[in-house]
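For reference, the structure is listed below as structure tokens.
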There are 2 protein chains.
Amino acid sequence: MKEGPDIAHVAALIGDPARANMLTALMGGKALTVSELAEEAGVTIQTASSHLSKLDGGGLLRPRKQGRHKYFSLANDDVAHVLEGLMGLAAGSGRLRKRTGPKDAALRQARVCYNHLAGELGTQMFDSLIMQGHLVFDGDDLHLTRSGQAFVTELGIDLAELRKNKSTLCRECLDWSERRSHLAGSLGRAFLSRFEGLSWAKRDQTTRVISFSANGIAEFKRLFPAV
Amino acid sequence: MKEGPDIAHVAALIGDPARANMLTALMGGKALTVSELAEEAGVTIQTASSHLSKLDGGGLLRPRKQGRHKYFSLANDDVAHVLEGLMGLAAGSGRLRKRTGPKDAALRQARVCYNHLAGELGTQMFDSLIMQGHLVFDGDDLHLTRSGQAFVTELGIDLAELRKNKSTLCRECLDWSERRSHLAGSLGRAFLSRFEGLSWAKRDQTTRVISFSANGIAEFKRLFPAV
DNA sequence: TAGATGCTTCGATTAGGGTCGAACTATGAA
DNA sequence: TTCATAGTTCGACCCTAATCGAAGCATCTA
């Protein structure tokens, strides 16, 4: 009847509670096994298996077999982007899964969004990088300037290694809690893993919260002063 | 079980074919009545009414009563943004509702995305505005420069009037066909309606196609030269 | 007031899909 | 080879939600 892509099918895939739980869990960035995702979703392994094959069929996931384990992660940044958008809508219409608790505050401050830093600190980092001229918009794309290249290298990130990766280096991602952009792409990932490597930050394994050490937050504020 | 917004509920709302058809129709930007939407979705009026109250309850729609008619439009740009994102995913996974036909080509060239110009011409306009320095990124937000203000005023757009509106003036919106940004926000709307006012462009009432006149396309290319 | 039109509500039907138990396949360990 | 663990497939059950007819409410026209 109508032209254009079949939006209902994808949305229906995300629309089942069990599958939505799995996808939300995968927003943590870590690849998870079928059993782990079953646990997350609160269903049996058979059910989870069925859901995962549907999600995979819809192009939302990227499966990888390793021995007798099967790992799933989100297919790409676009998927993560849409999921964040949906979270924004859900949060906007005032529906939270649980009442706002202390954990939510932590989530708002710093959380992982499919591998990179999101929340207040995420947007602060993004704004600061722009303001310092390390990152500029080139039309629609984000571009790391010469000064930016020096900056990240100084921090101990291997740019040459990152560029080998076929995925985009810099990319903006909309934050559902902040309603502002933060940095995604392989550079976004690299930042977060560097913070972890320096022991500035640590991911909670079950929630998506990222907790910074006292020293870590100080170093962070030094590198990325608020605008 | 998990923290964060209830993504499944919103996604499930979009995930029903009838509702997805309605939302897609509303991406055209025009407010539509219950009966019109029922027609679009291919269901009876009762069914449509039920669907619409659910969508409204989920915060996706903005209803307005006018006499014995009830008009619905999308609640805001965020909703349109998520829908475009979903279309991108659906298109990416190779699912089109119908085989690609001649109408699709027209859709790719210029279509309406919830009120503003999308497609090739949309991204061309956006890139051109950036390149000419009429539009700049200010952190995460888009900003109309002094030269840009002169530019749009010259074109006959009343900026003072637009600013009275509470919604954002400039905003970027990701295009599912082009995978690039185009201009949304009240300025984006104003551009499109100005093009219509000047008889440069005309919207098809049933599809989302925007057709430019020969003169219109010439003026457009003059104002927004390709980069 | 009477009639027509647009929409909502109620109730009954029905189909699609989520769920899990049980059986089966595949990989790894001993 | 034998056992254990991870995941898939099959089949049956069951529940939600989409659907529409019929009746009711609201608004406009004459």
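Below, chains carry the letters A, B, ... as their sequence lines are ordered, and counting in each starts from 1.
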> Does the B/R194 side chain pair with the main chain of B/L155, one donor and one acceptor, at a distance under 3.5 Å?
Replying inline: yes
> Do A/R171 and A/D78 sit within salt-bridge range, that is, some charged N less than 4.0 Å from a carboxylate O?
Replying inline: yes
> Using 4.0 Å as the upper bound for N to carboxylate O, is an ion pair formed by A/R163 and A/D158?
Replying inline: no
> Using a distance-only test with no angle check, is there a side-chain donor-acceptor pair under 3.5 angstrom linking A/S50 and A/T47?
Replying inline: no
> Applying the side-chain contact (heavy atoms from CB on, under 4.5 Å) test to A/L89, which of B/I7, B/L13, B/V10 qualifies?
Replying inline: B/V10
> Under 30°, 30 to 60°, or over 60°: which ring-plane class applies to A/F224 and A/F191, parallel, tilted or perpendicular?
Replying inline: perpendicular
>> Tell me whether A/E84 is salt-bridged to A/R208, with the criterion being a basic N under 4.0 Å from an acidic carboxylate O.
In response: yes
> So what does A/T33 touch, heavy atoms closer than 4.0 Å: a base, only the sugar-phosphate, or nothing?
Replying inline: sugar-phosphate
> What's the verdict on side-chain hydrogen bond (donor to acceptor under 3.5 Å, both in side chains) for A/E36 and A/T33, showing C-alpha distance, side-chain angles and the deciding distance?
Replying inline: CA-CA 5 Å; A/E36 288 167 330; A/T33 65; 3.2 Å; yes
> When you check the gap from the basic side-chain N to the acidic O, do A/R203 and A/E196 get nearer than 4.0 Å?
Replying inline: yes
> Can A/R189 and A/H116 be said to form a side-chain hydrogen bond (donor to acceptor under 3.5 Å, both in side chains), step by step?
Replying inline: CA-CA 5 Å; A/R189 272 192 279 279; A/H116 50 268; 5.5 Å; no
> If you walk 5' to 3' along DNA chain D, what is the first nucleotide with an atom under 4.0 Å of a heavy atom in chain A, and what is the last?
Replying inline: D/dA4 to D/dT9
> From the 5' end of DNA chain C to its 3' end, which nucleotides mark the outer limits of contact with chain A, defined by a 4.0 Å heavy-atom distance cut-off (strictly under)?
Replying inline: C/dG18 to C/dG28
>> Heavy-atom nearest nucleotide on DNA chain C for A/K54 versus B/S53: which residue maps closer to 5'?
In response: B/S53
> Just how large is the angle between the end axes of the helix from C/dT1-D/dA30 to C/dA30-D/dT1, five pairs per end, to 10 degrees?
Replying inline: 30°
